[in-house]
Amino acid sequence: MSIKPRADAERNRARVTEAARALFAERGDDVQMPEIARAAGVGVGTVYRHFPDRQALVEAAAEYRFAEIEEYARAHCFGEDSGLERYFRYVGELLSGDRGLTAAIDSARGRPGSEPRGTARGRLESVVAEIIAHDQAAGLVRRDCTVADVYLLVGALSSVIRTGSDWGRFLELTLSALRDQLST
């Protein structure tokens, strides 16, 4: 039998995660657990009760980011225009404004690439597949586009943003390639 966490414990966990996300976004990998506790208005013991180490907290902040992306995708990527275009633009804006969190995730994982893991990955793959199918049915994206292609392109977009290059131009070229050969 699993025991449901107390409401105040759930609120504290959410406050810690939100504070960590904001601090990581602002300062990257330089943030320490006591700072996160202060920003969340909890004791450092509370932080460690929910997150046994810094890596677990970084992963929770990453999960929060991916939940935001999924929520946006479900709410905004199924109109008359290209849902993939909206998806890529949103992800680009999010990543460019959240470079510190990306750096913290990369550091915690020991390599570049802040792709979703676990249940977040499954949920995002599902909504991206739906967006692709929607755009393909509307003739807005090439027929051979796959979820794996979108992950590849988001990874490339993340790299372009990380280097400080013109991610808008990269995205323009990417979207052009996704529309190319629509009869394929």
Side-chain angles (χ1 to χ4, degrees), residues 10 13-14 16-25 28-29 50-51 54-163 165 167-168 170-179:
E10 288 178 2
R13 186 179 200 289
V16 169
T17 304
E18 289 171 21
R21 170 114 192 261
L23 288 171
F24 288 138
D29 200 37
H50 293 285
F51 306 100
R54 195 167 177 285
Q55 183 166 354
L57 183 52
V58 171
E59 288 294 339
E63 178 90 13
Y64 187 87
R65 173 195 273 177
F66 299 123
E68 278 184 346
I69 293 170
E70 178 197 0
E71 182 178 312
Y72 176 86
R74 290 197 186 283
H76 301 284
C77 293
F78 293 97
E80 291 182 22
D81 58 344
S82 172
L84 274 180
E85 183 171 339
R86 284 178 181 258
Y87 180 82
F88 279 120
R89 289 194 191 287
Y90 179 77
V91 169
E93 291 290 337
L94 187 67
L95 293 177
S96 70
D98 213 359
R99 293 178 194 198
L101 177 57
T102 299
I105 295 167
D106 292 350
S107 176
R109 292 180 177 177
R111 63 177 179 73
S114 58
E115 76 280 349
R117 294 180 172 172
T119 59
R121 183 177 190 105
R123 289 189 313 264
L124 266 176
E125 284 179 357
S126 174
V127 73
V128 167
E130 292 171 31
I131 294 167
I132 292 169
H134 177 271
D135 280 11
Q136 287 171 334
L140 299 171
V141 69
R142 48 192 296 159
R143 304 295 298 159
D144 63 346
C145 181
T146 66
V147 172
D149 294 334
V150 172
Y151 273 115
L152 175 69
L153 294 170
V154 167
L157 176 62
S158 179
S159 293
V160 168
I161 290 168
R162 194 174 16 260
T163 65
S165 298
W167 69 268
F170 171 80
L171 193 54
E172 182 182 315
L173 294 168
T174 297
L175 293 168
S176 177
L178 286 172
R179 288 185 292 267

Going through the checks in order, is the side chain to side chain contact (heavy atoms under 4.5 Å, CB included) test met by T119 and E63? CA-CA 9 Å; T119 59; E63 178 90 13; 3.7 Å; yes
Please examine the side chains of E59 and Y64, heavy atoms only from C-beta on, and report whether any two atoms are closer than 4.5 Å. no
Main chain of L124, side chain of E70: is a donor-acceptor contact present, judged purely on distance under 3.5 Å? no
Taking it one step at a time, do V150 and L153 satisfy side chain to side chain contact (heavy atoms under 4.5 Å, CB included)? CA-CA 5 Å; V150 172; L153 294 170; 5.7 Å; no
Quick test of your reading: applying ring pair (Phe, Tyr, Trp, His ring centres under 6.0 Å), list the pairs with at least one residue in residues 73-109, sequence neighbours left out, ordered by first then second residue. Y72-H76, Y72-Y90, F78-H134
Those residues at least two apart in sequence (or on a different chain) that pass side-chain contact (heavy atoms from CB on, under 4.5 Å) with S159 are R162
What's the separation between atom CG in L178 and atom CG in L173, rounded to the nearest 0.5 Å? 11.0 Å
Separation between CD1 (I132) and CG (L140), nearest 0.5 Å, reads 13.0 Å
One thing to verify: whether E85 and R179 come together as a salt bridge, which I'm taking to mean a side-chain N less than 4.0 angstrom from a carboxylate O. yes
Please enumerate all residues that pass salt bridge (charged side-chain N to carboxylate O under 4.0 Å, His left out) together with E93, with sequence neighbours excluded. none
Is there a side-chain contact between Y151 and E125, using heavy atoms and a 4.5 Å cut-off? yes
Grab the two heavy atoms, one from I161 and one from G92, that are nearest each other, plus how far apart they are. CD1-O, 3.6 Å
Quick check: does any side chain N or O of R143 sit under 3.5 Å from a backbone N or O of Q136, one acting as donor and the other as acceptor? yes
Salt bridge check, E68 against R21: does any charged N sit closer than 4.0 Å to a carboxylate O? yes
Closest heavy-atom pair, I131 versus A73, reported as atoms and distance to 0.1 Å, is CD1-CB, 3.9 Å
Spacing of L84 atom CG and D149 atom CG [to the nearest 0.5 Å]: 10.0 Å
Would you say R86 and S82 are linked by a side-chain donor-acceptor pair, where the criterion is simply a distance under 3.5 Å? no
Can a donor-acceptor pair be found, under 3.5 Å and without considering hydrogens, that links the side chain of T17 to the backbone of R13? yes
Atom CD of residue position E172 - does it have more than 12 heavy atoms of other residues, nucleotides or ligands inside 6.0 Å? yes
Working to the nearest 0.5 Å, report the span between CG of L157 and CZ of R89. 10.5 Å
Please step through side chain to side chain contact (heavy atoms under 4.5 Å, CB included) for the pair S126 and V147, ending with a clear verdict. CA-CA 9 Å; S126 174; V147 172; over 6 Å; no
Within the side chain of D135, is there an N or O that forms a donor-acceptor pair under 3.5 Å with the backbone of G83? yes
Is it true that a side-chain atom of R142 and a backbone atom of A177 form a donor plus acceptor pair closer than 3.5 Å? yes
Spacing of OG belonging to S176 relative to CG belonging to L171, to within rounding of 0.5 Å: 11.0 Å
Is the NZ or CZ atom of R99 positioned over F24's six-membered ring, under 6.0 angstrom from the centre and within 45° of the axis? no
Approximate separation, where rounding is to 0.5 Å, of F170 CZ and T163 OG1: 10.0 Å
